[in-house]
Every structure is written in structure tokens, then in C-alpha cells.
Amino acid sequence: MMTELSSSKLMVSLVQTAMALPCFLLGLPSGVLADLFDKKRLLFITQLGSLSVCVLLLIFAFLDYLSAWPLLILTFALGSFNALSMAAWLSSTIQLAPTGQLSAAFALNSISPNVGRVIGPALAGLCIAFFGVTTLFASVSISFLLVLLLISSLKPVKREGFLPPERLWTGMMNGLRYIRHTQQQRVALRYVFMFDLSGCALWALLPLIAKNQLNLDANGYGLLLGSLGIGAIISATQLPNLLNRVSIRKLVVSSSVIYAGVMMCIPFIQNTLVVCCMLVVAGACWVGVNTSAGTVIQSTAAAWVRARVASIQLLVIMGAMALGAIIWGLVADHIALNYTFVVAGLCLISGVSVSGKQPLKMGSEADFSSVKAPEFQPILLEIGMDEGPVAVEIDYLVSPSGKQEFLKIAHNVGTIRRRNGALKWRVYRDLSQPDHYAERFIVRSWSEYLRQRERATQADKLDALKLKQYQFNPQGDTQRFVAVL
């Protein structure tokens, strides 16, 4: 649509930026909101906002007032409501999954948005080609109405736990801290960012391929998008089997290289049918990379932070696509379009190759299933929920022969403590008693300490039990201090 409203290559690529940038700006706050508050209410408000924007687009299109900048502004507004709802959608899917089916739900969660990102534009392009822009916006408005009716029929889910909700800023920092101390998530996000940053050149500049290289109209552009959609569907149906037979890292790297090769070849091909066949391959690879990495990210996230992790994943994807669209739009304005695709393909291969060689592995249910926090010694001092910081000290007795094993276990537990909320963590050795070690960590407040205990998963508990055997008194020798000055 933008190709008909403006001849600027930058304006064409900015449409993708207008849709992706809100996810970069609002993704993390939306994850905190989805983790802390009623998802049904959040989804209803955001879908109502999306409906309002679609109605405005429908009015502008019907009155023939739609120009380049109003289209960008309203696209940004629609992207904003979409960004605020996506984490809630993703975490709701996991919440509704039956016990034992969570791994399948993670895979479905990763497949659906990536396939939708491909099929949605394809269907929109076909609708514009055969029925016009007004019909497209009318259809989307009706779809949002149906979604609102569906949300209204859902039952609200009660929030677990007795503690008050986290504050927005604290929740955002806790989400970032969790990913910082989870290696698999960091590695997967690095792959996703490097792939999408360069790979989005195909999405951002595909309208120009259709118009300038293949001399296609709106119908032809819809055909190109449909080819990407077919590849996405093929990938979505075959990916679960591939994940069981091929390592995730091998699948991600090979799909990235194939996608880059296709992207570099497309601008030199004048035959529409050949381009469509290559776009089928590109659509399959795009979904393969983002879905495989997304499954790793979501399957290693605990329940208490799941929506925040999902929102950070979306933030990385959309941020990379928004930044990449601007970069490749500017590059295409200064060099030939075919050379732009070649540069983007080479950057993609280079980016994936420098993203690291660490393996990518899916998490198990022990990684995200919560356990009941153990009871601890009663406190004799009344303390408010917001008082702090709170320091926690645990004493250990370690023989010289068990020192290395103890430090290895303590290091793993320290990562868990920091991931679940500790601001600082250290293990100290007593200079006057060499066998005496003390673990000390600090949390922001008493409420954050109680939350840290609630956040433990089955995997966390297993590591904590290994460390507990070294305690002076396994039945309870943990000391808790609250700052007074």
C-alpha cells in the first residue's frame, strides 16, 4: 500500500518499523503487566484499542483520505496495542496447557506468532489485490470484534500467592536480571537478534522487488507474500519432527545460511515463478530460526517470569526488525537494490557466525515448574514488606577434600539466587576457621526476599539440596538481617 502512496524506499521500509518499534518500546512493560495482573482485562483493553485504530483506518480509506504519514502513524498505534497484548497471549497459552503438555505448548507458542507474522501480510496482500483496502480494514475490524467476544467468554484466572504485586520498574528489572543469569536464553536471543537484524531486509524491501524488478501490481505482491506464507506453514508442520531429530543449533545455523543465500539470489532473478519458489524456502527458514530459538527461550523460563521473558523475546525480534528496516531502507536509497540484498545476506551470515558456538537446548518441566517454599525459622522482629535491603547469611562446614565440589555447587546456586532476585551474592571463607564458609546475598526488600523463595523451581530445589548437605545445621542455620542505617 505504501508503494502507491510514496515513491521513497525509506517510507516503504518505515511501515515495518512502525509495526515493530512499539514492541521494542512497550514489550517489556507489557510482560510485567501480563505477569502481575488479570490477563483477561489486559487483553480486552488492548483488543478494544486495536479495533478503534482499525475503524479509523477504515474511515480514512473509505473517504480516500489515507496518505503516507497517517498510514504510518495509525500503523504505529496498531503496533502499540499489539505490543501490549502479545505477552499476555503467549503466557495465557502456557497457562491453559494441561500438565505434561507444556513442552508442546511452548513449541506452539513459538510457531503461532512467527507463522502469523508471515501469513498475515500474505492474506492482507491478497485481500487488497482482489477486494481493495476498504474491505481489508473492514475484515480486520470484524476480526477484532470476534476476538473481543471470545475474550469476554473467558474466565479470569486468580493470581497465585499472598504477596502484593511487584512495582512496574522492579518487575522489569527482575525480568532482565532473570535472562542475564540464564545462559540458554542469552544465547538464543543473540541468534535471534543477529538473524532478524539482517534478515528483515527481505521483508522491508520486498514491495520494491515486486514493483521495480518483477513489474508486479498488488496482485503480484500478494502472490509473493503468499509464497512466504506457504513456506511458513510447511516449516510449522515439519518443525516438531525436525527438533526431535536435529540439534537446535544445527537447525538454526543451517536455516540462517540458506535464508541468506536465498536473499542474495532473489534480486538477480527476473522470473516471478522462480522468485516465488525461493520465497517458499525463505519463509520456511524464517519460521525455523525464530521458532527454534523461541522454544528454547520459553521452555527455560519459570512460571513467575514467563510473560516477561516472552516480551523480551518479542522486544528483541521487533527491535531488530525495526532497526534493520531503517538500516536497509537507507542503504537501498544510496546503493542499488540488488547490492543491498547481497550486503544484508553477508551481514546475516557474519552475524550468526559470531553469535557463539554454545549448544541450544530445550528446558524440561523441572526448569519452569514451581515448588512450595520450605518453612523457615519464625522472625521475632516485626518488619514491613518494603523494608530493606535484607541480607541473608548461611554457614557451611566444608572439608579440604570437598572444597572444589562445594564451590561448584555454590556457584550454581549463586546463579539461581541472582536470577530469582538477589542484587549481590558472594561466598566467603573464615580466616580463623578454614573449614567455615559463609554464603551471603542481598535482596532489595523483605517482600522481594519472600518472592525469591516463592520463585524456586524443581531444578532450583535440586541444586539447593546439594548445597544444604554442607550446612552447619541442615535443619536451619540461616540468618536474616534488615538494614537500619
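A donor-acceptor pair is defined here as one N or O able to donate and one able to accept, closer than 3.5 Å; such a pair exists between the side chain of Arg429 and the backbone of Pro434. Between the side chain of Asp333 and the backbone N or O of Leu330, no donor-acceptor pair lies under 3.5 Å. When atom types are taken as modelled, the side chain of Arg186 and the backbone of Arg180 share a donor-acceptor pair closer than 3.5 angstrom. A donor-acceptor pair is defined here as one N or O able to donate and one able to accept, closer than 3.5 Å; no such pair exists between the side chain of Thr291 and the backbone of Gly288. The closest donor-acceptor contact from the side chain of Ser85 to the backbone of Asn82 lies under 3.5 Å. No donor-acceptor pair closer than 3.5 Å links the side chain of Ser445 to the backbone N or O of Asp386. Counting only distance, with no hydrogens or angles, the side chain of Ser30 and the backbone of Ala83 share a donor-acceptor pair below 3.5 Å. Of the possible donor and acceptor atoms, none in the side chain of Ser350 sits under 3.5 Å from a partner among the backbone N and O of Cys347. The backbone N or O of Val289 sits nowhere less than 3.5 Å from a side-chain atom of Tyr259 that would complete a donor-acceptor pair. The closest donor-acceptor contact from the side chain of Gln184 to the backbone of Lys361 lies under 3.5 Å.
In this structure, Tyr470 and Glu405 approach most closely via the heavy-atom pair OH-CG, 3.7 Å. Scanning all heavy atoms of the two residues, the minimum distance from Gln452 to Arg417 falls at NE2-O, 3.1 Å. Annotation for Leu51 and Ser141: closest pair CD1-O, 3.3 Å, computed over non-hydrogen atoms. The shortest heavy-atom contact between Cys54 and Phe144 is SG-CE1, 3.5 Å. When all heavy atoms of Lys39 and Ala34 are compared, the closest pair comes out as NZ-O, 3.0 Å. The shortest heavy-atom contact between Ala201 and Met263 is CB-SD, 4.2 Å.
At a threshold of 4.5 Å between non-hydrogen side-chain atoms, the residues Tyr178 and Asn420 count as touching. Between Ile45 and Phe81, every side-chain heavy-atom pair lies at or beyond the 4.5 Å cut-off. By the 4.5 Å heavy-atom criterion applied to side chains, Leu176 and Met173 are counted as neighbours. Between Ile409 and Asp463 there is no side-chain heavy-atom pair separated by less than 4.5 Å. Considering only heavy atoms from C-beta on, Val192 stays 4.5 Å or farther from Gln313 through its side chain. Side-chain atoms of Val427 and Tyr396, non-hydrogen and from C-beta on, never get closer than 4.5 Å to each other. Side-chain contact check for Glu439 versus Val413: some heavy-atom pair is nearer than 4.5 Å. With contacts defined as side-chain heavy-atom distances shorter than 4.5 Å, the pair Val253/Ser353 does not qualify.
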**OP:** Carefully, step by step, assess Phe195 and Val252 under the rule side-chain contact (heavy atoms from CB on, under 4.5 Å).
**Re:** CA-CA 9 Å; Phe195 176 79; Val252 168; over 6 Å; no

**OP:** Decide yes or no on side-chain contact (heavy atoms from CB on, under 4.5 Å) for Arg177 and Leu423, but give the supporting numbers first.
**Re:** CA-CA 9 Å; Arg177 184 186 298 112; Leu423 301 177; 3.3 Å; yes

Original post:
Which is it for Phe193 and Leu189 under the side-chain contact (heavy atoms from CB on, under 4.5 Å) test, yes or no, and what are the steps along the way?
Top reply: CA-CA 6 Å; Phe193 180 80; Leu189 286 173; over 6 Å; no

Subject >> Evaluation steps, side-chain contact (heavy atoms from CB on, under 4.5 Å), between Trp328 and Val343 >> reply: CA-CA 9 Å; Trp328 301 118; Val343 173; 3.9 Å; yes

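The line from OG of Ser256 to CD1 of Ile349 is 9.5 Å long, rounded to the nearest 0.5 Å. Remark: Leu33 CG to Arg308 CZ distance equals 10.0 Å, nearest 0.5 Å. The distance from atom SG of Cys285 to atom CG of Asn290, rounded to the nearest 0.5 Å, is 11.5 Å. Atom-to-atom distance recorded for Ser447:OG and Arg167:CZ is 7.5 Å, nearest 0.5 angstrom. The CE atom of Met385 sits 11.0 Å away from the CD atom of Glu387 when rounded to the nearest 0.5 Å. Note that OG of Ser299 and CZ of Arg306 are 10.0 Å apart. Values are rounded to the nearest 0.5 Å.
Inspection of the Tyr449 and Arg480 side chains reveals an N or O donor paired with an N or O acceptor under 3.5 Å. Using a 3.5 Å distance cut-off with no hydrogens or angles, the side chains of Thr415 and Asn412 do not pair a donor with an acceptor.
The local environment of CG in Leu146 is crowded, with over 12 non-hydrogen atoms from other residues, nucleotides or ligands closer than 6.0 Å. Around atom CZ of Arg426, no more than 12 heavy atoms belonging to other residues, nucleotides or ligands sit under 6.0 Å away.
Ring geometry, Phe406 versus Tyr437: the interplanar angle falls from 30° to 60°, so the pair is classed tilted.
Pairs of residues two or more places apart, or lying in two chains, that qualify as salt bridge (Lys or Arg N to Asp or Glu O under 4.0 Å) and include a residue from residues 390-400 are Glu393-Arg440.
Between Glu448 and Arg455 a salt bridge is recorded (basic side-chain N to carboxylate O distance below 4.0 Å).
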